[in-house]
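First the structure, in the form of structure tokens, and then the observations on it.
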Amino acid sequence: MEESGIIEPLPDEELSEAGREVTSDYDPSDEETTFGSLTSSVSGHVWEYGRRYHAFRYGRYPIPNDEEEYKREALRHAMLKDLLSGKLYLAPLGDSPHKIIDLGTGFGEWAIEVGEAFPSAKVTGVDLSPIQPHWIPPNVEFIVDDIEDEWVHANDYDFAHFRFVNSLLRDNTAMFRKVFQVRIRNLKPGGWVEVQDICPQVLSDDDTIPTDYPINKFYDMVIPVLQDKYGFQIRVLENLPNLLESLGFVNVQRKVFHMPLGEWARDAHLRLLGGYFKEIMMDFFGAMAARPLVEAGYEREEIAELLSNTTAAASNRRIHAYMPVHFVWAQKPPA
């Protein structure tokens with residue numbers, strides 16, 4: 001069932017390739033985890049194109065994991081909390097979940113805050129990069145691994161959370177089948193899964209987006225690269241509720257917010273969200289320009305010019321652009 005919870009929009013460096021250098025934030029360890037073991041093979045970083053990337057399964061994920069990306073992710077976390085009036089999720093978890101997993105946890109803000117909200121719950125964050133803080137609540141742990149791998153042990157999670165992850169997965173059907181599995185019980189009967197992500201569509205309700213809008217042009221360049229080179233399912237959100245239902249999930253819900261792109265809205269709260277979102281998207285385009293577009297063969301001068309044009313377009317308050325932000329949640333049937 002789709003729920004209409006929409007924020008309606010209101011009228012009114014030069015790229016240089018750095019030498020490859022592998023560094024590490026974590027000491028090697030043979031500690032056994034839910035997914036595998038954390039060793040030196042997963043704890044390093046690679047510097048390329050002036051940005052830092054994970055070394056584990058090099059090339060699997062094209063977005064950097066450096067300080068610039070941390071700032072973007074922190075701002076994105078703040079934007080969603082502001083959007084939801086301080087909430088971290090929309091699924092009806094109840095007051096006492098026991099085990100929560102954050103798949104593709106990134107720098108770990110969501111997992112840490114959920115751990116603080118539920119001090120009696122065990123919260124596990126999983127990511128390709130060892131970029132999470134060392135000082136964390138005692139009920140929170142972080143694991144370095146690829147969430148698209150097989151999960152090794154039964155876990156009986158009450159809640160599986162994905163945020164800005166699913167459009168950068170190769171096989172969402174396999175992922176949610178893994179979450180749902182009956183025999184292994186990764187998600188326990190009655191447990192919930194929630195996806196929070198941005199649909200890659202730039203829209204307007206008053207036809208103020210010009211035909212040569214630079215942000216659409218940038219997406220026209222980036223999406224084929226992410227689909228063809230990396231195999232990502234960029235448009236998975238469009239059919240996600242149907243996918244979850246086909247795998248056996250029940251009580252499937254979707255809520256869509258129209259997030260202003262830029263500070264053009266009359267409403268002060270929407271202007272704040274739009275300012276957040278503009279910075280987030282410009283930083284995302286910068287990350288895409290640093291590696292995926294260069295490796296796809298685009299000229300750096302062309303990329304730099306388009307980046308400049310996207311910034312100008314997002315700052316134009318006469319263009320009332322927005323992008324859909326989807327929240328989709330569903331339940332594994334109770335036993």
Side-chain angles (χ1 to χ4, degrees), residues 7 9 13 50-54 61-90 102-117 125 127-129 131-133 136 142 161-168 194-202 214-215 218-219 222 237 256-265 267-292 307-308 310-317 319 321-327:
I7 295 183
E13 89 199 353
R51 302 294 298 269
R52 191 186 72 176
Y53 301 85
H54 69 87
Y61 190 68
I63 294 178
N65 66 6
D66 53 17
E67 183 67 21
E68 289 181 59
E69 179 62 14
Y70 169 73
K71 292 176 182 176
R72 184 176 80 92
E73 191 169 300
L75 188 59
R76 197 171 60 184
H77 179 68
M79 179 187 75
L80 287 193
K81 282 186 65 178
D82 202 313
L83 174 66
L84 298 181
S85 301
K87 294 181 181 178
L88 294 168
Y89 54 85
L90 293 179
D102 186 26
L103 295 155
T105 193
F107 291 86
E109 290 100 331
W110 187 92
I112 290 170
E113 292 193 23
V114 166
E116 292 171 341
D127 199 86
L128 282 167
S129 291
I131 50 177
Q132 302 79 30
I136 56 178
F142 292 111
H161 174 260
F162 298 84
R163 189 168 67 174
F164 302 112
V165 172
N166 299 82
S167 57
L168 300 178
E194 179 166 316
V195 171
Q196 306 173 7
D197 213 334
I198 297 168
C199 193
Q201 298 175 294
V202 186
I215 293 175
F218 201 100
Y219 265 119
V222 167
L237 289 175
V256 181
F257 297 90
H258 289 181
M259 185 65 70
L261 181 54
E263 299 165 298
W264 52 262
D267 178 82
H269 185 232
L270 295 183
R271 278 201 307 277
L272 175 66
L273 291 173
Y276 284 163
F277 195 43
K278 179 181 75 172
E279 295 302 319
I280 291 163
M281 293 308 299
M282 294 307 101
D283 288 345
F284 171 73
F285 290 157
M288 291 295 96
R291 182 173 166 188
L307 280 176
S308 176
T310 59
T311 301
S315 301
N316 185 345
R317 298 190 181 188
I319 300 175
Y322 64 85
M323 295 182 68
V325 178
H326 289 233
F327 291 77

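Heavy-atom basis, side chains included; hydrogens, waters and symmetry copies ignored.
Taking all atoms of both residues into account, the shortest heavy-atom contact from Pro133 to Phe107 is CD-O, 3.4 Å. Heavy-atom minimum distance, Leu80 versus Arg163: CD1-CD, 3.6 Å. Of all the heavy atoms in Leu261 and Val202, the pair that sits closest is CD2-CG1, 4.5 Å. The shortest non-hydrogen separation linking Ala314 to Met282 is CB-CE, 3.9 Å. Of all heavy-atom pairs spanning Leu307 and Ala289, the tightest one is CD1-CB, 3.6 Å. Closest heavy-atom contact between Met79 and Ile280: SD-CD1, 3.7 Å.
Counting heavy atoms from C-beta outward, Gln196 and Phe162 have side chains that stay 4.5 Å or more apart. No side-chain heavy atom of Val325 sits under 4.5 Å from any side-chain heavy atom of Val256. Contact annotation: the side chain of Gln132 never approaches that of Ile136 to less than 4.5 Å [non-hydrogen atoms, C-beta and beyond]. The shortest distance between side-chain heavy atoms of Leu272 and Phe277 does not fall below 4.5 Å. In this structure, the side chains of Pro324 and Met259 stay at 4.5 Å or more apart for every pair of heavy atoms. No side-chain heavy atom of Met323 sits less than 4.5 Å from a side-chain heavy atom of Ile215.
At distances below 3.5 Å, not a single donor-acceptor pair connects side-chain atoms of Glu69 with backbone N or O atoms of Asp283. Formation of a donor-acceptor pair under 3.5 Å by the Ser85 side chain with backbone atoms of Lys81 is not found in this model.
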### Test log, rule ring pair (Phe, Tyr, Trp, His ring centres under 6.0 Å), inputs Phe327 and Tyr89
CA-CA 8 Å; Phe327 291 77; Tyr89 54 85; over 10 Å; no
### Query
Should Trp110 and His161 be marked as a ring pair (Phe, Tyr, Trp, His ring centres under 6.0 Å) after you check the CA-CA gap, both sets of side-chain angles, and the distance that decides it?
CA-CA 10 Å; Trp110 187 92; His161 174 260; 3.6 Å; yes
### Task
Determine, step by step, whether Phe285 and Tyr219 satisfy the ring pair (Phe, Tyr, Trp, His ring centres under 6.0 Å) criterion, reporting the C-alpha distance in whole Å, the side-chain angles of both residues, the deciding distance to 0.1 Å, and the verdict.
CA-CA 9 Å; Phe285 290 157; Tyr219 265 119; 5.6 Å; yes
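Remark: the His326 side chain and the Asp197 side chain contain no N/O donor-acceptor pair separated by less than 3.5 Å.
Ion pairing between Glu73 and Arg76 holds under the 4.0 Å rule for side-chain N and carboxylate O.
One finds the NZ atom of Lys278 at 13.5 Å from the CH2 atom of Trp264 (value rounded to the nearest 0.5 Å).
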